[in-house]
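Just so it is clear, the structure is predicted and the values come from calculations on it, not from any experiment. Computation of the quantities below employed the complete heavy-atom set of this structure, encompassing side-chain atoms and omitting hydrogens, waters and symmetry-equivalent molecules. We count residues from 1, following the sequence as given.
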Amino acid sequence: MTDAAKSKFTPRVFSGIQPTNHLQLGNYLGAVKRFVEMQNSGVETIYCIVDLHAITVWQNPGDLRNATRELAASYIASGLDPKRSILFNQSQVPAHAELAWIFNCVARMGWMNRMTQWKDKAGKDAEKASLGLFAYPSLMAADILLYHATHVPVGEDQKQHVELTRDIAAKFNHDYGVDFFPMTEPVIEGVATRVMSLRDGTRKMSKSDPSDASRINLTDDADTIAQKFRKARTDAEPLPATLEGLKDRPEARNLVNIYAALAETSPEAVIGEFAGKGFGAFKPALADLAVAKLSPLAAEMQRLMADPAEIDRILGDGADRAAAIAQPILDRVYDITGMVRSRRR
Ligand code: AMP
Ligand code: TRP
């Protein structure tokens with residue numbers, strides 16, 4: 001972590017994931033695994049399940065409830081400890097929605113219009129997208145700034161949203177003449193900040209890709225994982241002797257990166273080991289490694305999912321602890337913006 005975030009703010013990490021579908025390998029390597037590393041580095045960490053963001057596009061209520069509990073189980077099975085990190089779902093802390101409203105009045109339409117995720121998700125028919133989808137980045141800024149978070153670990157695709165969070169913080173500070181919100185830093189590090197689809201090396205691996213073969217889900221069993229890697233699209237060349245040789249081979253590059261991230265080594269080291277070998281040798285090695293790393297995680301998720309009441313208890317406890325940090329910050333925001341707060345609470 002850099003120390004560029006203003007020193008008056010104590011380091012605090014915040015990140016979130018939407019409870020939609022199962023987590024895929026890109027989420028795990030690009031986000032959750034990094035969350036665990038940050039927790040273990042001793043800094044204060046808050047990890048959210050952003051259910052209010054999820055409903056910016058239609059969610060079946062029963063599916064949303066399941067996905068929220070499953071994401072909590074994925075967090076814990078991956079190594080997030082509910083005692084050391086604060087784990088909760090967004091809708092249980094109303095301050096997120098309240099601060100998002102204030103930020104809706106700070107952020108400009110033009111800023112939202114420039115977001116590539118908005119353009120991708122709204123598609124050609126932006127008129128039919130929900131107002132919530134347009135305001136999505138404003139709620140994300142609220143998630144982060146409600147805790148004065150200084151660092152946000154995310155994958156590459158979220159960089160623009162964290163930059164917008166800084167713009168909102170800066171405009172708020174400027175408009176109200178305060179130095180209240182920090183300039184939050186995105187933390188986008190490691191070899192797996194953009195894991196690509198197994199079917200197309202130019203598209204990112206995604207939970208919402210219609211092709212299940214394009215991704216490894218954390219819930220996939222060993223056979224499915226092995227089969228998906230075996231069928232992954234590649235070229236016919238053996239692996240080169242240097243990284244340079246992977247330059248115009250996006251699919252091969254992606255598999256090497258995945259191997260490196262899972263093995264916690266560098267792509268150079270992977271190339272060093274497999275140079276000159278074909279995919280007939282590399283893919284089974286990759287599948288074995290992935291199964292060894294992911295199977296225990298899937299088993300632990302299943303165990304946790306068998307006791308939803310315990311998951312709900314953990315999320316409730318996390319929400320209480322999150323609210324205790326958020327409420328005084330929100331109260332200050334209401335003060336700064338001139339809201340009269342005389343009601344006894
Ligand atoms: P999402 O699935 O959009 O809710 O993303 C949750 C987190 O996972 C965010 O930090 C994303 O940047 C990260 N993420 C999603 N897909 C990938 C991917 N293919 N490679 C790396 N990180 C990803
Ligand atoms: N927009 C993020 C994604 O789709 C999820 C998210 C919501 C988030 N609020 C956040 C990430 C705050 C980091 C910090 O992946």
#### Entry: Verdict with supporting geometry, Asp157 and Arg194, salt bridge (charged side-chain N to carboxylate O under 4.0 Å, His left out)
CA-CA 8 Å; Asp157 61 337; Arg194 195 168 161 80; over 6 Å; no

### Task
In sequence, state the C-alpha distance, the side-chain angles, and the governing distance for Phe134 and Trp118, and then conclude on ring-ring contact (aromatic ring centres under 6.0 Å, His included).
CA-CA 6 Å; Phe134 189 64; Trp118 156 251; 4.8 Å; yes

### Task
For the pair Glu244 and Lys247, evaluate salt bridge (charged side-chain N to carboxylate O under 4.0 Å, His left out) and give the outcome as yes or no after the intermediate values.
CA-CA 5 Å; Glu244 260 299 286; Lys247 223 166 126 245; 5.1 Å; no

### Message
Strictly distance-based, threshold 3.5 Å: is any side-chain N or O of Gln18 a donor or acceptor partner for the main-chain N or O of Thr20?
### Response
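The answer is no, because no donor-acceptor pair under 3.5 Å joins these two groups.
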
### Message
Between Gln90 and Leu52 (side chain of the first, backbone of the second, donor and acceptor by atom type, cut-off under 3.5 Å), is there such a pair?
### Response
yes

### Query
What are the two closest non-hydrogen atoms of Ala149 and Pro182, and how far apart are they?
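Closest heavy-atom pair between Ala149 and Pro182: O-CG, 3.7 Å.
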
### Query
If two hydrophobic side chains count as joined below 4.5 Å and joins carry through other members, does Trp111 share a cluster with Ile102?
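Hydrophobic grouping puts Trp111 with Ile102.
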
### Task
Measure the shortest side-chain to side-chain distance between Tyr47 and Met38 over non-hydrogen atoms and say whether it is less than 4.5 angstrom.
yes

### Message
With a 3.5 Å distance limit and no angle check, can you tell me whether Arg249 reaches the backbone of Leu239 through a side-chain donor-acceptor pair?
### Response
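Absent.
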
### Side-chain donor or acceptor of Asn254 paired with backbone N/O of Gly201 under 3.5 Å
no

### Task
Spell out, as yes or no, whether a donor-acceptor pair under 3.5 Å connects the side chain of Lys8 to the backbone of Asp179.
yes

### Query
Taking only residues two or more places apart in sequence, or in another chain, which ones meet Gln302 in a side-chain hydrogen bond (donor to acceptor under 3.5 Å, both in side chains)?
none

### Task
For the pair Glu44 and Arg84, find out whether any cationic side-chain nitrogen is under 4.0 Å from an anionic carboxylate oxygen.
no

### Task
Examine the side chains of Asn89 and Thr68 and answer whether a donor and an acceptor come within less than 3.5 Å of each other.
no

### Query
Can Asp317 and Arg321 be counted as an ion pair, charged N to O under 4.0 angstrom?
yes

### Task
Kindly say whether Leu304 contributes a backbone atom to a donor-acceptor pair with the side chain of Asp307 at under 3.5 angstrom?
no

### Message
Applying the side chain to side chain contact (heavy atoms under 4.5 Å, CB included) criterion to Leu294, which one of Leu289, Thr219, Ile225 satisfies it?
### Response
Ile225

#### Entry: Same cluster (ILVMFWY, side-chain, under 4.5 Å), Val256 and Met205
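Cluster IDs for Val256 and Met205 match.
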
### Query
Would you say the side chain of Met140 lies within less than 4.5 Å of the side chain of Leu145, judging by non-hydrogen atoms?
no

### Message
Is it the case that the side chain of Thr265 and the backbone of Ala261 share a donor-acceptor pair, with hydrogens and angles ignored and the cut-off at 3.5 Å?
### Response
no

### Query
Does Phe35 share a hydrophobic cluster with Val43, counting links as ILVMFWY side-chain heavy atoms below 4.5 Å and allowing steps through other members?
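Yes.
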
### Task
Mind checking the CZ-CD1 spacing from Arg166 to Ile144? Nearest 0.5 Å is all I need.
11.0 Å

### Task
Check whether any side-chain heavy atom of Val152 sits under 4.5 Å from a side-chain heavy atom of Val13, and report yes or no.
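No; the side chains remain at least 4.5 Å from each other.
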
### Task
List the steps, then state whether side-chain contact (heavy atoms from CB on, under 4.5 Å) holds for Met196 with Glu251.
CA-CA 8 Å; Met196 307 312 280; Glu251 283 88 7; over 6 Å; no

### Task
Check for a donor-acceptor pair, side chain of Lys228 on one end and backbone N or O of Arg215 on the other, with a separation under 3.5 Å.
yes

### Task
For the pair Glu189 and Arg34, find out whether any cationic side-chain nitrogen is under 4.0 Å from an anionic carboxylate oxygen.
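Here Glu189 pairs with Arg34 in a salt bridge, since their nearest N and O are under 4.0 Å apart.
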
### Derivation of the side-chain contact (heavy atoms from CB on, under 4.5 Å) call for Tyr334 and Val340
CA-CA 8 Å; Tyr334 281 138; Val340 174; over 6 Å; no

### Ring geometry between Phe172 and Phe181 (parallel below 30°, tilted from 30 to 60°, perpendicular above 60°)
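Because their plane-to-plane angle is over 60°, the rings of Phe181 and Phe172 count as perpendicular.
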
### Task
Take Lys207 and His22 through the side-chain contact (heavy atoms from CB on, under 4.5 Å) test and state the conclusion after the steps.
CA-CA 7 Å; Lys207 286 188 255 177; His22 304 299; over 6 Å; no

### Task
State, yes or no, whether a side-chain contact exists between Arg12 and Tyr147 at a heavy-atom distance under 4.5 Å.
yes

### Distance-minimising heavy-atom pair for Gly190 and Thr193
O-CG2, 3.7 Å

### Message
Would you say that Pro94 contacts Glu98 through its side chain, given a criterion of any heavy-atom pair below 4.5 Å between the two side chains?
### Response
yes

### Message
Centroid separation under 6.0 Å, is that true for the rings of His151 and Phe9?
### Response
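Not close enough - the centres of the two rings lie 6.0 Å or further apart.
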
### Query
Any idea which heavy atoms bring Ile17 and Tyr75 closest together, and the distance?
N-OH, 3.5 Å

### Task
Give the minimum heavy-atom separation between Pro19 and Ala67, together with the two atoms involved.
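Smallest interatomic distance, heavy atoms only, reads O-CB, 3.3 Å.
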
### Query
Given the side-chain rings of His148 and Phe14, with only the six-membered ring counted for Trp, is the space between their centroids under 6.0 Å?
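Distance test on ring centres: not under 6.0 Å, no.
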
### Query
Passes salt bridge (charged side-chain N to carboxylate O under 4.0 Å, His left out), Arg341 versus Asp335? Steps please.
CA-CA 8 Å; Arg341 312 280 286 168; Asp335 240 17; over 6 Å; no

### Query
Any link between Phe282 and Leu198 through a network of hydrophobic side chains (Ile, Leu, Val, Met, Phe, Trp, Tyr) touching at under 4.5 Å?
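Yes; Leu198 is reachable from Phe282 via cluster members.
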
### Message
Working note: Glu300 + Arg303, criterion salt bridge (charged side-chain N to carboxylate O under 4.0 Å, His left out); need CA distance, chi angles, decisive distance, verdict.
### Response
CA-CA 5 Å; Glu300 180 62 5; Arg303 193 188 67 77; 2.9 Å; yes

### Query
Is a side-chain donor-acceptor pair under 3.5 Å present for Asp81 with Gln39?
no

### Task
Answer whether the closest heavy-atom distance between the side chains of Leu23 and Leu71 falls below 4.5 Å.
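Answer yes - side chains close enough.
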
### Task
Ignoring hydrogens and angles, state whether a donor on the side chain of Thr45 or Ser85 is under 3.5 Å from an acceptor on the partner side chain.
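Indeed, the side chains of Thr45 and Ser85 share at least one donor-acceptor pair under 3.5 Å.
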
### Message
Can you classify the ring geometry of His53 versus Tyr136 as parallel (below 30°), tilted (30 to 60°) or perpendicular (above 60°)?
### Response
tilted

### Query
Strictly by modelled atom types, are Thr202 and Asp200 linked by a side-chain donor-acceptor pair under 3.5 Å?
yes

### Message
Test your reading of the model: is there a side-chain donor-acceptor pair from Ser130 to the backbone of Thr56, 3.5 Å cut-off?
### Response
yes

### Query
Between Met183 and Asn173, is a side-chain contact (heavy atoms from CB on, under 4.5 Å) present by the stated rule, with each step listed?
CA-CA 10 Å; Met183 291 299 124; Asn173 287 349; 4.1 Å; yes

### Task
Examine the side chains of Asp331 and Gln327 and answer whether a donor and an acceptor come within less than 3.5 Å of each other.
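Asp331 vs Gln327: donor-acceptor pair found between side chains.
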
### Message
Using the rule that Ile, Leu, Val, Met, Phe, Trp and Tyr join whenever any side-chain heavy atoms are under 4.5 Å apart, tell me whether Val154 and Leu139 fall into a single cluster.
### Response
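Different clusters: Val154 never reaches Leu139 through Ile, Leu, Val, Met, Phe, Trp or Tyr contacts under 4.5 Å.
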
### Query
Is there side-chain contact between Pro267 and Arg253, with at least one heavy-atom pair below 4.5 Å?
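SC-SC contact between Pro267 and Arg253 confirmed.
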
### Query
Are Thr224 and Asp221 close enough that a side-chain donor and a side-chain acceptor fall under 3.5 Å?
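Yes, Asp221 and Thr224 have a side-chain donor paired with an acceptor closer than 3.5 Å.
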
### Query
Side chains of Asp220 and Asn217: is there a donor and an acceptor less than 3.5 Å apart?
yes

### Task
Report the C-alpha separation of Thr116 and Gln160 in whole Å, then their side-chain angles, then the decisive distance to 0.1 Å, and conclude whether the side-chain hydrogen bond (donor to acceptor under 3.5 Å, both in side chains) test is met.
CA-CA 8 Å; Thr116 54; Gln160 198 184 32; 3.2 Å; yes

### Query
Does the side chain of Ser78 reach to within under 4.5 Å of the side chain of Met301, using non-hydrogen atoms?
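When only atoms from C-beta onward are counted, Met301 and Ser78 do not touch, as no gap falls below 4.5 Å.
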
### Message
Treating Gln59 as the side-chain partner and Ala54 as the backbone partner, does any N or O pair qualify as donor plus acceptor under 3.5 Å?
### Response
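Yes: the side chain of Gln59 pairs with the backbone of Ala54.
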
